[in-house]
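For reference, the structure discussed in these notes is given below.
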Amino acid sequence: QVQLVESGGGLVQPGGSLTLSCAASGRTFSRYIMGWFRQAPGKEREFVCRISGSGISTDYTDSVNGRFTISRDNAKNTVYLQMNNLQPEDTAIYYCAASNRWIRGDKGYDYWGQGTQVTVSS
């Protein structure tokens, strides 16, 4: 069982940066593939990025590739999402999730945080 708690959301101007954190409970954090997802108003939840248990492998959806960076600190049971050059279309609730599989689909993730709001607006 893994419990996830996101933090770091907020209001930022276009072109700005924000770092989200996701703290996990449990001793087996390093075994899980961690993903970030987001859901904008009126839209379905979408995959943003994922990172392997070791942190060596990462994968990003095209719209954030080159702007967002996912990382993890297994000693702190925490995964991060560094977001640069944020744009209004990045406005959404951001969720972290844990999976035992290297998969993009949200149905493949077993544990979810409560989400944190990111708003990009001038």
Side-chain angles (χ1 to χ4, degrees):
Q1 191 80 358
V2 178
Q3 293 183 328
L4 304 172
V5 179
E6 302 97 335
S7 60
L11 173 64
V12 62
Q13 292 186 342
S17 298
L18 210 57
T19 300
L20 305 182
S21 299
C22 173
S25 65
R27 302 179 183 177
T28 59
F29 175 70
S30 63
R31 298 181 185 177
Y32 289 95
I33 291 146
M34 298 300 297
W36 284 98
F37 293 78
R38 65 186 181 186
Q39 187 166 21
K43 294 187 177 181
E44 293 187 353
R45 185 165 58 191
E46 66 171 350
F47 167 81
V48 176
C49 57
R50 56 183 168 168
I51 188 168
S52 61
S54 66
I56 292 175
S57 298
T58 58
D59 175 41
Y60 299 88
T61 193
D62 288 347
S63 62
V64 308
N65 199 17
R67 299 188 299 124
F68 290 13
T69 302
I70 188 172
S71 62
R72 66 191 297 161
D73 185 338
N74 287 339
K76 295 182 178 180
N77 278 15
T78 302
V79 62
Y80 305 97
L81 182 62
Q82 171 69 44
M83 304 183 292
N84 297 326
N85 191 23
L86 283 160
Q87 300 301 317
E89 52 266 32
D90 295 315
T91 295
I93 299 174
Y94 283 71
Y95 300 89
C96 69
S99 175
N100 288 308
R101 292 181 286 169
W102 185 248
I103 191 169
R104 283 191 170 195
D106 60 353
K107 301 223 173 10
Y109 286 76
D110 302 304
Y111 305 103
W112 291 82
Q114 83 289 349
T116 185
Q117 176 71 49
V118 172
T119 303
V120 184
S121 175
S122 55

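Atom set for the values below is all heavy atoms of this structure, side chains included, hydrogens, waters and symmetry mates excluded.
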**Request:** Please name the pair of heavy atoms, one in Y94 and one in V48, separated by the smallest distance, quoted to 0.1 Å.
**Result:** CE2-CG2, 4.4 Å
**Request:** Quick one: do W36 and V79 satisfy side-chain contact (heavy atoms from CB on, under 4.5 Å)? Show the steps, please.
**Result:** CA-CA 9 Å; W36 284 98; V79 62; 3.9 Å; yes
**Message:** Quick check for you: to the nearest 0.5 Å, what is the distance between C49 atom SG and M34 atom CE?
**Reply:** 10.5 Å
**Asked** How many angstroms lie between atom CG of L81 and atom OG1 of T19, to the nearest 0.5 angstrom?
**Response** 8.0 Å
**Request:** Locate the shortest heavy-atom distance separating N85 from S17; write the atom from each residue and the value.
**Result:** N-OG, 4.3 Å
**Asked** Same cluster or not: are I93 and V12 linked, directly or through other Ile, Leu, Val, Met, Phe, Trp or Tyr residues, by side-chain heavy atoms under 4.5 angstrom apart?
**Response** no
**Prompt:** Any idea how W112 and F37 line up, ring-wise: parallel (<30°), tilted (30 to 60°), or perpendicular (>60°)?
**Reply:** tilted
**Message:** Tell me every residue that passes side chain to side chain donor-acceptor pair (under 3.5 Å) with D73, counting only those two or more places apart in sequence or in another chain.
**Reply:** none
**Fill in**
When every non-hydrogen atom of C22 is compared with those of L4, the smallest separation belongs to SG-CB, 3.9 Å
**Asked** Are any side-chain N or O atoms of E46 and backbone N or O atoms of E44, one a donor and one an acceptor, separated by less than 3.5 Å?
**Response** no
**Message:** Checking the side chain of Y109 only, and the main-chain atoms of I103 only, is there a donor and an acceptor separated by less than 3.5 Å?
**Reply:** yes
**Asked** Can you find a pair of side-chain heavy atoms, one from S121 and one from L11, that are under 4.5 Å apart?
**Response** yes
**Asked** Quick one: does R31's side chain have a donor or acceptor within less than 3.5 Å of a partner on N100's backbone?
**Response** no
**Prompt:** Say you draw a straight line from CD1 of I33 to CZ of R104; how long is it, rounded to the nearest 0.5 Å?
**Reply:** 13.5 Å
**Item:** side-chain contact (heavy atoms from CB on, under 4.5 Å) between M83 and V64, worked out
**Value:** CA-CA 8 Å; M83 304 183 292; V64 308; over 6 Å; no
**Flag, side chain of Y60 to backbone of R67, donor-acceptor distance under 3.5 Å** = no
**Request:** Could you tell me whether a side-chain N or O of N74 sits under 3.5 Å from a main-chain N or O of S54, the two making a donor and an acceptor?
**Result:** no
**Message:** Using only atom types and a distance under 3.5 Å, with no angle test, would you say the side chain of R72 pairs donor to acceptor with the backbone of S52?
**Reply:** yes
**Prompt:** Just how far is it from atom CG of L20 to atom CZ of F68, taken to the nearest 0.5 Å?
**Reply:** 8.0 Å
**Request:** Give a yes or no on whether Y80 and F29 share a hydrophobic cluster (residues Ile, Leu, Val, Met, Phe, Trp, Tyr; joining criterion: side-chain heavy atoms under 4.5 Å apart).
**Result:** no
**Side chain T91, main chain V120, donor-acceptor under 3.5 Å** = yes
**Message:** Show the nearest heavy-atom pair for residues A92 and A40, with the distance to one decimal.
**Reply:** CB-N, 3.8 Å
**Fill in**
d(E89 CD, R38 CZ) to nearest 0.5 Å is 8.0 Å
**Nearest heavy-atom neighbours spanning S122 and P14** = N-CD, 3.7 Å
**Prompt:** Do Y95 and D106 have side chains that get closer than 4.5 Å, going by heavy atoms?
**Reply:** no
**Message:** Let me confirm one number: the CD-CD1 distance from Q82 to I70, rounded to the nearest 0.5 Å.
**Reply:** 12.5 Å
**Message:** Just so I know, are the side chains of Y111 and Q1 near enough to count as touching, which here means a heavy-atom distance under 4.5 Å?
**Reply:** yes
**Message:** With a 3.5 Å distance limit and no angle check, can you tell me whether E6 reaches the backbone of C96 through a side-chain donor-acceptor pair?
**Reply:** yes
